[in-house]
Amino acid sequence: MARNHLLVLFVLFISLNISAQTIRNFSTSTIDNKPVSYSDIKGEYLTVLDFWASWCRPCLKAMPKLQNIYQEYNHKGVAFIGVNTDGPRSFSKVLPLVNSLNITYPNIRDIEGKIKDELEVSSMPTFLIISKEDIVVFRHEGFASGDEEEWRKVIEKLLAE
């Protein structure tokens, strides 16, 4: 009987460790073509990554909400980074789109999908919160009105830990 409990605990331990994603430092460029690395722009306490594309309507609805949260938390050690996943054909739309939405948090390019693939992002938008230890501690896929309140609560809880 005790042996079965140990086996269950071992399987649980393995599954918990597999699910914890770590973000590795990467280099890319901003959407206005300035070189940047993750370590240069990550937050002191938390980093919020928002994977989006210009063709994604929910992404475009989420970005102004994220901008509001950015204005609340960027002075509290929380960095916000948009990760644009448009390909070469549609990338010319990205900078004008960001400007038209009045987005002021940094946006980086992931034209080849390397960052997206590394973090197993399969749908747009995907919103990740990363700890100062570079571990993904929260993942949210899609966007519906009101999701931004959940994001605020998660950020507050993580900052309080």
Working for salt bridge (Lys or Arg N to Asp or Glu O under 4.0 Å), residues Lys157 and Glu161: CA-CA 7 Å; Lys157 179 181 178 276; Glu161 290 179 351; 3.3 Å; yes
Leu60 reachable from Ile103 in the ILVMFWY side-chain graph, under 4.5 Å edges: yes
Path from Val137 to Val121 over hydrophobic side-chain contacts below 4.5 Å: no
Any side-chain heavy-atom pair of Met124 and Phe143 under 4.5 Å: no
Contacts of type side-chain hydrogen bond (donor to acceptor under 3.5 Å, both in side chains), residue Arg24, not counting sequence neighbours: Glu118
For Tyr70, ring-ring contact (aromatic ring centres under 6.0 Å, His included) partners two or more places apart: Phe80, Tyr105
Test salt bridge (charged side-chain N to carboxylate O under 4.0 Å, His left out) applied to Lys116 - qualifying residues, sequence neighbours left out: none
Sequence-distant partners of Glu44, salt bridge (charged side-chain N to carboxylate O under 4.0 Å, His left out), two or more places apart: none
Any residue meeting side-chain hydrogen bond (donor to acceptor under 3.5 Å, both in side chains) with Asp50, in chain and number order, not counting sequence neighbours: none
Asp117: partners by side-chain hydrogen bond (donor to acceptor under 3.5 Å, both in side chains), with sequence neighbours left out: none
Partner residues of Ser131 under the side-chain hydrogen bond (donor to acceptor under 3.5 Å, both in side chains) criterion, sequence neighbours left out: Glu133
Side chain proximity check, Thr126 to His140, heavy atoms < 4.5 angstrom: no
Heavy-atom pair with the smallest gap, counting every atom of Pro64 and Leu101: CG-CD2, 4.4 Å
Test item: Ile129 and Val136 side chains (from C-beta on) under 4.5 Å apart, heavy atoms: no
Where Ala53 and Cys59 come nearest, the two heavy atoms and their spacing: N-SG, 3.8 Å
By salt bridge (charged side-chain N to carboxylate O under 4.0 Å, His left out) - contacts of Lys93 (at least two apart): none
Within residues 102-114 or reaching into it, pairs that qualify as salt bridge (Lys or Arg N to Asp or Glu O under 4.0 Å) - sequence neighbours excluded: Glu112-Lys114
Side chain to side chain, Thr47 and Ile81, heavy atoms closer than 4.5 Å: yes
Over all atoms of both residues, closest heavy-atom pair of Leu159 and Lys76: CD2-O, 4.1 Å
Leu158-Ile130 co-clustered via ILVMFWY side chain contacts under 4.5 Å: no
Pair listing, ring pair (Phe, Tyr, Trp, His ring centres under 6.0 Å) test, anchored in residues 31-63, at least two apart: Phe26-Tyr38
Asn84 CG to Leu95 CG distance, which is reported to the nearest 0.5 Å: 10.5 Å
Sequence neighbours excluded - ring pair (Phe, Tyr, Trp, His ring centres under 6.0 Å) pairs with any residue from residues 111-132: Phe127-Trp151
Straight-line distance of Ser54 OG to Asp86 CG, nearest 0.5 Å: 3.5 Å
Point-to-point distance, once rounded to the nearest 0.5 Å, from CZ of Arg152 to CD1 of Ile155: 8.5 Å
Nearest-0.5 Å distance, OG1 of residue Thr28 to CD1 of residue Ile41: 9.0 Å
Partner set under salt bridge (charged side-chain N to carboxylate O under 4.0 Å, His left out) for Lys34, not counting sequence neighbours: Asp32
Ser27 versus Ser37, closest heavy-atom pair with distance: OG-CB, 3.9 Å
More than 12 heavy atoms of other groups within 6.0 Å of Lys42 NZ: yes
Donor-acceptor contact below 3.5 Å, side chain Gln21 vs main chain Leu119: yes
Verdict with supporting geometry, Glu148 and Ile69, side-chain contact (heavy atoms from CB on, under 4.5 Å): CA-CA 8 Å; Glu148 68 274 15; Ile69 299 171; 3.8 Å; yes
Euclidean distance, Gln67 CD relative to Glu72 CD, rounded to 0.5 Å: 11.0 Å
Common cluster, Leu97/Ile31, ILVMFWY with side-chain heavy-atom separation under 4.5 Å: yes
ILVMFWY cluster, Val83 and Leu66 together (side-chain gap under 4.5 Å): no
Reported CD1-to-CG distance for the pair Ile115 and Leu49, which is rounded to 0.5 angstrom: 8.0 Å
